[in-house]
Structures are given as structure tokens and as C-alpha cells.
Amino acid sequence: MCHKQQQIMKLNKQKSSKAEREFGGTLGATCIPVFLPLTVLYLLCVCRSPAASVLQWPPVLPPTAQLWDPLAPILLLAWIAFQSFLYLLPLGKVSDGMVLKNGSRLKYRINGFQALCISGVLVTLSLWLGMPLGYLFELLLPMAVCAIGGSFLLSLYLYIRSFWAPHHALAQGGNTGNPLYDFFMGRELNPRIGSFDLKYFCELRPGLIGWVVINLGMLMKEVELRDSASLAMILVNSFQLLYVADALWNEEAVLTTMDIVHDGFGFMLAFGDLAWVPFTYSLQAAFLVVHPQSLGPVGATAIVMLNSAGYYVFRKSNSQKNQFRRDPTHPSVANLETIATATGKRLLVSGWWGLVRHPNYLGDLLMALAWSLPCGFHHLLPYFYVVYFTVLLIHREARDERHCRAKYGVAWDTYCRHVPYRILPYIY
């Protein structure tokens with residue numbers, strides 16, 4: 001091969017690599033770590049303000065003193081240490097992850113639901129002993145600041161340590177050679193300290209269970225202010241507890257998700273797990289502390305039915321997919337229509353996955369709306385989660401589409417003809 005041909009091939013490879021970069025490439029990897037943390041703090045400030053207007057100008061800015069409390073880092077570190085202890089307990093089964101580049105499989109301890117239950121017992125005992133859990137409302141901003149700072153520090157550690165990782169342990173999308181982009185996406189796929197998997201731990205433990213605790217703190221704050229919890233607050237707490245409990249009960253399913261299988265562990269996931277999830281997903285509960293809403297039995301019943309419908313679609317479709325992946329010959333999925341692929345795997349084109357390509361996303365969106373409706377219709381802020389989650393799922397669907405087309409080729413095109421709608425039947 002002549003030198004000129006080699007240069008052309010190298011140039012084409014560089015162009016291809018650049019085109020495949022996600023989240024806006026280097027520009028996105030530079031801007032997102034600045035603007036998303038500011039968004040978290042801004043939303044929390046707006047939530048506490050009397051107007052609670054996301055469009056208010058100039059924006060609501062808190063005094064510097066409200067951004068720091070020495071108790072906040074102590075609580076966060078204690079919480080992470082406690083969840084780490086629970087993660088290491090010999091409870092639950094040990095499952096194999098997906099096959100890695102070198103043909104090996106990592107072992108994962110499946111005990112997230114046990115960790116949730118133990119955490120619940122501990123929090124209940126603390127409340128019985130008089131712990132003022134409602135004080136979390138005052139600590140939201142300082143804890144968010146600490147969680148954001150911790151996300152940056154963890155991401156920096158992950159980026160530095162990745163240069164000592166073997167090449168087969170690196171994530172394809174986070175190993176571009178661009179420091180800003182790789183810091184954001186994550187260079188190492190499954191960074192571990194001994195048997196402690198940092199990405200897997202952060203994915204489901206401190207932030208997700210912490211979200212439930214923050215919600216409960218908001219409920220207790222409302223009890224302090226008004227002597228009882230409102231129906232709206234109870235619904236928000238109940239819906240979101242069900243969601244978290246479901247995720248941890250079905251923890252093993254996360255081993256096949258894009259976050260674990262494809263994405264490296266960098267700022268994108270570290271910030272999302274430790275700061276974005278607990279402090280933006282709890283916005284509805286925090287909003288109701290300052291802006292109580294009256295909710296009648298008819299409205300409450302309708303909202304419960306909407307959340308139940310969303311959960312049913314979400315759980316049934318995910319269960320069908322997971323069962324098909326584990327055992328395609330199981331009676332519950334053996335008679336479903338499938339399409340063969342060149343990889344040896346088969347694609348479902350009937351059942352829930354014949355309705356739309358991502359029925360679980362449809363269930364997610366229905367539940368997201370149900371979580372916001374108890375907050376009424378006078379403010380946009382409680383619906384931030386619905387808007388954000390819609391954008392997230394559409395973006396995730398597009399990522400799935402690219403990966404599946406690259407993986408399955410012609411079979412994926414055939415699948416798309418069988419199942420033309422992506423998330424919403426007959427609409428999108």
C-alpha cells in the first residue's frame with residue numbers, strides 16, 4: 001500500500017471517529033460540565049423561591065452562605081461510606097456481566113434491594129429516635145454543591161487512573177485522545193478497586209437510594225410546617241419509591257444496559273449518578289414543601305391510574321425483553337415472532353416490542369407525567385423532569401438506533417420496517 005493511500009485511510013478514520021463523537025463532541029464535553037451543575041443549583045434555588053418561575057429574570061441567586069454548610073460534606077461522605085458497606089456485604093447472589101473484549105466476564109454482587117431495605121430500616125429508626133430529617137430541605141443546596149464537587153473529583157481520579165488500565169479495559173467511545181471529551185465520556189469501561197466496581201456502585205446505590213431519602217426528608221419538612229403530609233406529597237413519594245424499588249429489585253437487568261456495557265465511567269455518568277439524579281429527580285417533593293397543592297380524590301385517582309398504566313407498560317415490556325435475553329425458549333416468549341441477525345441473536349418483532357421499538361420508554365414517560373401532576377398546573381418547574389426525560393429518552397433512542405444499526409446491519413432495517421414507531425404508537 002502506497003504512502004498516499006495510507007494517509008487517505010488515516011484521514012478517513014479520523015473523520016469517522018470525529019463523526020461518531022456524541023453529546024456535541026468536544027464542544028459539548030466542554031460546556032455540559034459547566035452548564036448542567038449550574039442548572040441543578042438554579043433549579044433548587046427556583047424551587048425554594050416564592051414565585052418558583054423558571055423564566056424569572058434576573059434569575060434567583062442565593063446568598064453565598066446558603067451554598068455551604070459544614071454538615072453537608074459529612075452527611076454525603078457518611079452516606080456513600082454506608083452504601084459502600086452495604087454493597088460489600090455478602091448478601092444476594094453474584095451474577096456474571098456481559099462478555100468483555102478479552103472474552104472474560106466480571107462478577108457483580110446483586111444486593112441493591114437489600115441495601116434499600118436496610119437503608120429504610122435505618123432511616124425509620126433514626127426518625128423514631130428524633131432525627132430531624134426535615135432539615136434536609138435546608139441542606140439541599142449545600143449537599144448539591146458537595147455532590148457536584150465530588151463528581152468532578154471522582155471524574156478526575158477516573159481519568160488519571162485509566163492510563164494504567166489495559167487497552168482491552170477501555171471504552172470505545174471514551175478513548176479518542178481528546179482529554180476534554182475523554183474526561184467527559186470516561187476512558188475506562190469498568191474501573192474497579194479490587195472487586196468494588198465503581199461505575200456499577202454509583203449507577204444504582206448512593207444517588208438512587210439517596211433520592212428516596214431526600215423525598216422523605218421533604219415529606220417530613222412538610223409535616224413540620226403543616227402538621228401533616230399532603231396527598232400530593234404522599235403520591236410523589238409513593239410513585240418514586242416504587243420506581244426505585246423496582247429498579248433495585250430488578251438490579252440484574254442493568255448489567256445489559258448501555259451505561260454498563262458501552263459507556264465508560266467519566267463525568268457524564270459520575271455527575272448524573274451522584275448529583276443530577278438525587279437533586280433534580282426530587283424537585284417535585286421539594287417544590288411541594290414551599291408550594292403546597294390541594295388534590296381531591298378524583299384527581300388523585302386519575303393520577304394513580306396514569307402512574308399504574310405507565311408502570312405496567314414499563315415493567316411488562318422490560319420483563320419480556322429480559323426474559324427473552326436470558327432464555328428465548330421460555331414459554332412466555334417462545335412463541336413471539338423474531339428476526340434472525342448475522343450475530344446469531346434474534347430481534348423481537350411481536351409482543352410489547354412489536355408495538356414500538358422502546359415500549360419501556362413509553363412507560364417511563366407516562367410515569368414521569370404522573371409524578372408532576374400532583375404539583376398542579378400553575379408552575380412549569382415541576383414539569384422540568386417530564387421535559388428533560390423526554391429529551392433524554394429521544395436522545396437515548398437515537399444512540400440505541402445507531403448502535404443497533406451498526407451491530408445488526410440489514411436485520412435492523414428489516415426490524416424497523418416491521419416496527420416503524422419508536423416510542424409513541426402512530427406518532428413517533
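Both backbone and side-chain heavy atoms feed into the values below; hydrogens, waters and symmetry mates do not. Starting from 1, each residue takes its place in the sequence as its number.
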Take the angle between the ring planes of [X] and [Y] and call it parallel below 30°, perpendicular above 60°, tilted in between.
| X | Y | answer |
| --- | --- | --- |
| Trp79 | Phe82 | tilted |
| Tyr421 | Tyr426 | tilted |
| Tyr311 | Phe314 | tilted |
| His291 | His379 | tilted |
| Tyr312 | Trp352 | perpendicular |

Original post:
Under the side-chain contact (heavy atoms from CB on, under 4.5 Å) criterion, do Tyr415 and Tyr408 qualify, and how do the steps go?
Top reply: CA-CA 10 Å; Tyr415 170 74; Tyr408 299 120; over 6 Å; no
Return each pair, listed once, that meets salt bridge (Lys or Arg N to Asp or Glu O under 4.0 Å) where at least one residue sits in [range]; pairs must be two or more places apart or across chains.
| range | answer |
| --- | --- |
| residues 173-196 | Arg161-Glu188, Arg192-Asp197 |
| residues 370-393 | none |
| residues 265-284 | none |

**OP:** Just do the side-chain contact (heavy atoms from CB on, under 4.5 Å) check on Thr341 and Arg346 with the steps written out, would you?
**Re:** CA-CA 6 Å; Thr341 70; Arg346 304 187 71 85; 6.0 Å; no
Original post:
How about Trp353 and Phe324: are their ring centres within less than 6.0 Å of each other?
Top reply: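 They do not qualify: ring centres at least 6.0 Å apart.
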[atom1] of [X] to [atom2] of [Y]: how many Å apart, nearest 0.5 Å?
| X | Y | atom1 | atom2 | result |
| --- | --- | --- | --- | --- |
| Tyr361 | Asn318 | OH | CG | 9.5 Å |
| Met367 | Arg315 | CE | CZ | 8.5 Å |
| Leu136 | Met143 | CG | CE | 4.5 Å |
| Thr30 | Asn178 | OG1 | CG | 7.5 Å |
| Ser95 | Tyr108 | OG | OH | 10.5 Å |
| Gln66 | Thr64 | CD | OG1 | 9.5 Å |

Give the minimum heavy-atom separation between [X] and [Y], together with the two atoms involved.
| X | Y | result |
| --- | --- | --- |
| Asp69 | Pro142 | N-CB, 3.7 Å |
| Asn307 | Ala370 | CB-CB, 3.6 Å |
| Ala275 | Ile148 | CB-CG1, 4.0 Å |
| Ala270 | Phe265 | N-CE1, 3.6 Å |
| Ser282 | Asn215 | CB-OD1, 3.4 Å |
| Val40 | Ala144 | CG1-CB, 4.3 Å |

Original post:
Does the side-chain contact (heavy atoms from CB on, under 4.5 Å) test come out yes or no for Val54 and Phe384, once each step is laid out?
Top reply: CA-CA 9 Å; Val54 293; Phe384 169 81; over 6 Å; no
Original post:
Are Lys199 and Glu203 within salt-bridge range, i.e. N to O under 4.0 Å?
Top reply: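 No, no charged N to carboxylate O under 4.0 Å.
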**OP:** For the pair Arg205 and Glu251, find out whether any cationic side-chain nitrogen is under 4.0 Å from an anionic carboxylate oxygen.
**Re:**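 Salt bridge: yes.
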Is the shortest side-chain heavy-atom distance between [X] and [Y] below 4.5 Å?
| X | Y | result |
| --- | --- | --- |
| Met258 | Asp263 | yes |
| Leu43 | Leu283 | yes |
| Ile423 | Arg357 | no |
| Cys47 | Val290 | no |
| Tyr243 | Trp211 | yes |
| Ser84 | Phe196 | yes |
| Ile80 | Phe201 | yes |
| Trp68 | Cys146 | yes |

I'd like to know if the side chain of [X] reaches the main chain of [Y], judged simply by a donor and an acceptor atom lying under 3.5 Å from each other, with no hydrogens or angles considered.
| X | Y | value |
| --- | --- | --- |
| Arg48 | Phe137 | yes |
| Ser49 | Val46 | yes |
| Lys101 | Leu170 | yes |

Subject >> Distance-only side-chain donor-acceptor flag, Trp276 / Tyr388, under 3.5 Å >> reply: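 Result is yes, a qualifying pair exists.
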Subject >> No-hydrogen, no-angle side-chain donor-acceptor test under 3.5 Å, Asp259 and Thr257 >> reply: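 On atom types as modelled, these side chains do not qualify, holding no pair under 3.5 Å.
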Subject >> Stepwise side-chain contact (heavy atoms from CB on, under 4.5 Å) check, Val289 with Met233 >> reply: CA-CA 8 Å; Val289 172; Met233 179 70 82; 3.9 Å; yes
Subject >> Within 6.0 angstrom of Leu100 CG, more than 12 heavy atoms from elsewhere >> reply: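 More than 12 within 6.0 Å, yes.
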